[in-house]
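Please read the structure below before turning to the comments.
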Protein chains: 2
Amino acid sequence: MPNRVGLKDIAKALNVSVTTVSRALNNKFDISKDTRDKILKKAEELNYRPNAHAISLRKNEYYAIGVILPSIDHYFFSTVLKGIMNKAHMANYLVIIGESSHDLVKEQEIIEKFIAHCVSGVIISPSNKSSYGNNLALLKSKRIPYILVDRPLEDSKNERIVRFDDEYGAFLAVDHLIKQGYRKIAMIKGFDYCTISNARFKGYKKALENNGLSLNPDFVKHCGFIDESGEGYHLSKQMLTSMNRPDAFFTVTDEIASGIYQTVNELGMKIPNEVGIVGYSNSKISSVISPRLTSVEQPGMLMGEQAFDFLQQTIIDNSSTLERTFEARLVVRASSLRNHIQTSTVTKENNYGVSV
Amino acid sequence: MPNRVGLKDIAKALNVSVTTVSRALNNKFDISKDTRDKILKKAEELNYRPNAHAISLRKNEYYAIGVILPSIDHYFFSTVLKGIMNKAHMANYLVIIGESSHDLVKEQEIIEKFIAHCVSGVIISPSNKSSYGNNLALLKSKRIPYILVDRPLEDSKNERIVRFDDEYGAFLAVDHLIKQGYRKIAMIKGFDYCTISNARFKGYKKALENNGLSLNPDFVKHCGFIDESGEGYHLSKQMLTSMNRPDAFFTVTDEIASGIYQTVNELGMKIPNEVGIVGYSNSKISSVISPRLTSVEQPGMLMGEQAFDFLQQTIIDNSSTLERTFEARLVVRASSLRNHIQTSTVTKENNYGVSV
DNA sequence: ATTTATTTCGTAAACGTTTAAGTAGATTTT
DNA sequence: AAAATCTACTTAAACGTTTACGAAATAAAT
C-alpha cells in the first residue's frame, strides 16, 4: 500500500484546521506568516503531496489530456507524441496515451477510458478504417474537445484538425522527378480507404498532368503493409522486370522505397541514373540508406505541438482556429538527382539534403 | 465545460437514493430487478460514465501506471512503450507517460506529477546521467512500486528490473566477427558514464580475450550523439585512413554503424570483404540499409510486457521476481559475412537474417 | 467606552463515489 | 399473534480537497 499523507495529517500534527493548512499551502489570504511557515515546514517534513483527484473533484478541473495514436512505434507518430508532450509538460498537463492499432473497437474503449478519467481534451489520429464518426460522437455529446491529427474524416467539416498537405507533398515529389528527366514514374500507394494515401495519389496525378504526362494504370500499385519493405520489393521487381518498365518510383513511405533499393541492387541497376526514387515521411531511414533517399518531410513534432496548442486554446475559451495545414517540404537527396550538378548543394546545406 | 452526469442525476430523475443507483450499476446485492432495470435504462439514456477520480478517492485504488522514458521517438523505447501498453490495456490500466530527455530535473518533475496523480506504480528507464538514486527515493518513501527497464543503477541491488544482457550481446557480436576472420576489430562506444555502453564494452573485451586477441586502445573510440550517424562517419574515417586501420567495427547503435557505411563507400572499400560491421539494437535501419547490417537484437516489446507484468504483480501482492534479463540474440546479415557460404542461409531463413 | 474594521482562524458544505449501518415493510417461522 | 427473518431501500459518513461564511480576537476609529 502506498503511503499517502493528506492535509488532515498536517492539521492534526499542528492542531490547526484543515482549511488553514490548505490556505497556507496555496498561498492564500487570511493567514499569518507564523502559522504559514509552521505548516510549510511540517508539510515538507511529512513529504506531503496534494492529491490531484481530490482537487479534480472539488474544483471540477483536471489538467490532463488523452492522446490516441494508431501505433506508437511508428516514427511519424512517435514524433507527433513528442511534440505533444513537450508542450504538455510546459503547460503542466498530464499526458495519457492509448494505442488504437487501427482497431475501431479498441479506439472506442480508449475513448471511454479517457472520459472516465476526466481528461479535459483529446488529441486523436484516427484509425484508417472507415466511419469512426461514432467514436467521436461520445466525446461530442460530453462536450470534451478533441483535435484530429494528420488524418481527416470523410464528412468532417467543422472539425478542429492539424493536418499535413499530403497532396502537395506528393506533387512536389513527382514534379521534382519529372524535372530531373524521369518520364515513366510509378507510384506505390496504400489501400483505397486510406484518405492520406489517396491524397498523395491525387498529387501524383496532378504533377503528371501539369507536366503533360499521361497516367499509366500499370504504374500504380497498391500495397497492404506500407510500413515494411517487403511489398515494395516485390511490386518493384514485378514492374522493373516487365516489358514496359518505369524509370522512377514515388512511394507512400520510406520503408516501401527501401524495398525498391533491394530490387534495384539485385537487378544490377543504378540509383539514381537508371531508377529514381522518392519516398515519404523523411524518416531516419532516408538519411541512412545509400544512396540517400529523397523524401517528403513531415514535421511530426511541430504538428504535435500545434495540436496541443489548439487543444489548450479550445479547453480554455473555445478559441483556436479550426484547421492548420503544414506545408510539405521535399528533402532532395541523391536517390533522385540525375544531373550531378546539384550533388554539391546537397552536402553544402547540412549533409542531409537541400529543401525545395 | 464538459457535460458530466453523475449518480445524483440518475437518482433525482427516478426518485431513488444515490446508494441504490450505485448498487444497481455495480450489480450489488440489496436491489430488486425492477429498480435495477429502471436505473440501467436511465443511466444509458443519460449517457452516464463513472468518475474514476471519485472512485479513486473513495476506494483508495487507482488503475494507472506512469511510464518515464528518455525519449519516445527512439525506436527501442517506443517498442518498450508498445509492450507496456499492450499489457496495460488488457489489464485495464491507464498509461500516463513522461519523457525525461535525459534530464534529471525533468525526470524528477515527472515523478512528482505521477505521485500527485496517484499512479499505483511506475515503469522507468532512467536517464543516462549519473546518480539519480534521489529521483527514485521519493517513490520509495511513498511506497509506490517501480520497475527499472534496460538501464540498471550503479548501486542498485534489490531493485526490480527488466534488463537486457548487453555484455553478452556485445560478446556475441565481436565473437562472430572474429569467427568470420576479422582480427582488428574497432569499437565505437558511448560516454563512460553510460552503464549500458560500458557493459557492451566489457563484452567486446571479453570476446577479444577469449579468442586470444589483445585490445588496441587506438581502436576504441567514444561518441557523444549515439543516435545519429555523424560521429560514426567521422570516427571511422579517421580510423580507416590511418596507418594501422581496423578491418571491422562493432558499434553501440545501428545509427553509428550507418555512418561507417558512408565512410566505407566514400573510400571505395567493400562491406563485408574489406570491412565488417556489426551494430546494436536491430532497428529498422539494419534491415533496410545495404548491405544489410548484422545487429544485436533487443526485444523491446517483450521487455515492456515483462515490465508491466512485474509491476502488476508488485502492486497486487508484492510478489514478482526481482529481475529478468533478456538474452541477447545476434541477427546475422550480410555486413559481417565474409565467407559467402552462409549468404544462402540468410535469404532462406526469413529474408531478415539468421539468428545465432 | 462603544462602535467599526481588520486579521486570523474554524465550521460546514460540496465534488462523485462507496459502504457500513439502520429501517421500514413484507414474509416466514415459532 | 408474537417473534424472527428477509427484502429493498435510505441515511450518513468517508475519501482529500477547496471555499463561502461565520466568529473570535485584536486593532483602529469614534
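Protein chains get the first letters and strands the later ones, always in sequence-line order, with residue 1 at the start of each. All values derive from a computational prediction rather than experimental measurement.
When heavy atoms are screened at a 4.0 angstrom cut-off, B:Arg4 is found touching no nucleic acid atom at all. Residue B:Arg36 is out of contact with every strand shown, counting any heavy-atom pair closer than 4.0 Å. Here B:Thr35 lies in heavy-atom contact (under 4.0 Å) with sugar-phosphate atoms only. Backbone-only contact: B:Tyr48 has heavy atoms under 4.0 Å from sugar-phosphate atoms and none from a base. A:Ser32 comes within 4.0 angstrom of the backbone, heavy atoms only, and of no base.
Salt bridge B:Lys42/B:Glu45: present, at least one basic N to carboxylate O contact under 4.0 Å. Using a cut-off of 4.0 Å between Lys/Arg side-chain N and Asp/Glu carboxylate O, B:Lys41 and B:Asp37 are scored as not salt-bridged.
Residue order along DNA chain D, read from the 5' end via each residue's closest nucleotide, puts B:Ile31 first among B:Ile31 and B:Leu57. In this structure, B:Phe29 and B:Asn51 both approach DNA chain C, and ranking their closest nucleotides by distance from the 5' end singles out B:Asn51.
Closest of all the heavy-atom pairs between B:Leu136 and B:Leu148 is CD1-CD2, 4.1 Å. Across all non-hydrogen atoms, the minimal contact from B:Ile196 to B:Asp150 is CG2-O, 3.7 Å.
For A:Phe164 and A:Phe326, the ring centers are positioned 6.0 Å apart or more. The aromatic ring centres of A:His89 and A:Phe308 sit 6.0 Å or more apart.
Between the CG atom of B:Asn26 and the P atom of C:dG16 there is a distance of 17 Å, given to the nearest Å. We find that CG of B:Leu25 is positioned 15 Å from P of C:dG16, with the value rounded to whole Å. Atoms CG (B:Asn3) and P (C:dC15) sit 16 Å apart, rounded to a whole Å. B:Asn15 places its CG atom 13 Å from the C1' atom of D:dT10, with the value rounded to the nearest Å. B:Ile39 places its CD1 atom 13 Å from the P atom of C:dT17, with the value rounded to the nearest Å. Between A:Ile55 atom CD1 and D:dT19 atom P the separation is 10 Å, expressed in whole Å. In this structure, CD of B:Glu61 is placed 16 Å from C1' of D:dG16, rounded to the nearest angstrom. Here D:dG16 presents its P atom at 12 Å from NZ of B:Lys142, a figure rounded to the nearest Å.
Between the side chain of B:Thr19 and the base of C:dA20 there is no donor-acceptor pair of N/O atoms closer than 3.5 Å. A:Arg23 contributes a side-chain N or O that forms a donor-acceptor pair with the base of C:dG10 under 3.5 Å. With hydrogens and angles ignored, no donor-acceptor pair closer than 3.5 Å exists between the side chain of B:Asn60 and the base of D:dC15.
Between A:Lys8 and D:dC15 there is a side-chain polar atom (N or O) within less than 4.0 angstrom of OP1 or OP2. At D:dT19, one or more side-chain N or O atoms of A:Lys28 fall inside 4.0 Å of OP1 or OP2 (strictly under the cut-off).
Listed nucleotides C:dT11, D:dG16, C:dT19 differ in distance to B:Lys59; the shortest reach to its side chain belongs to C:dT19.
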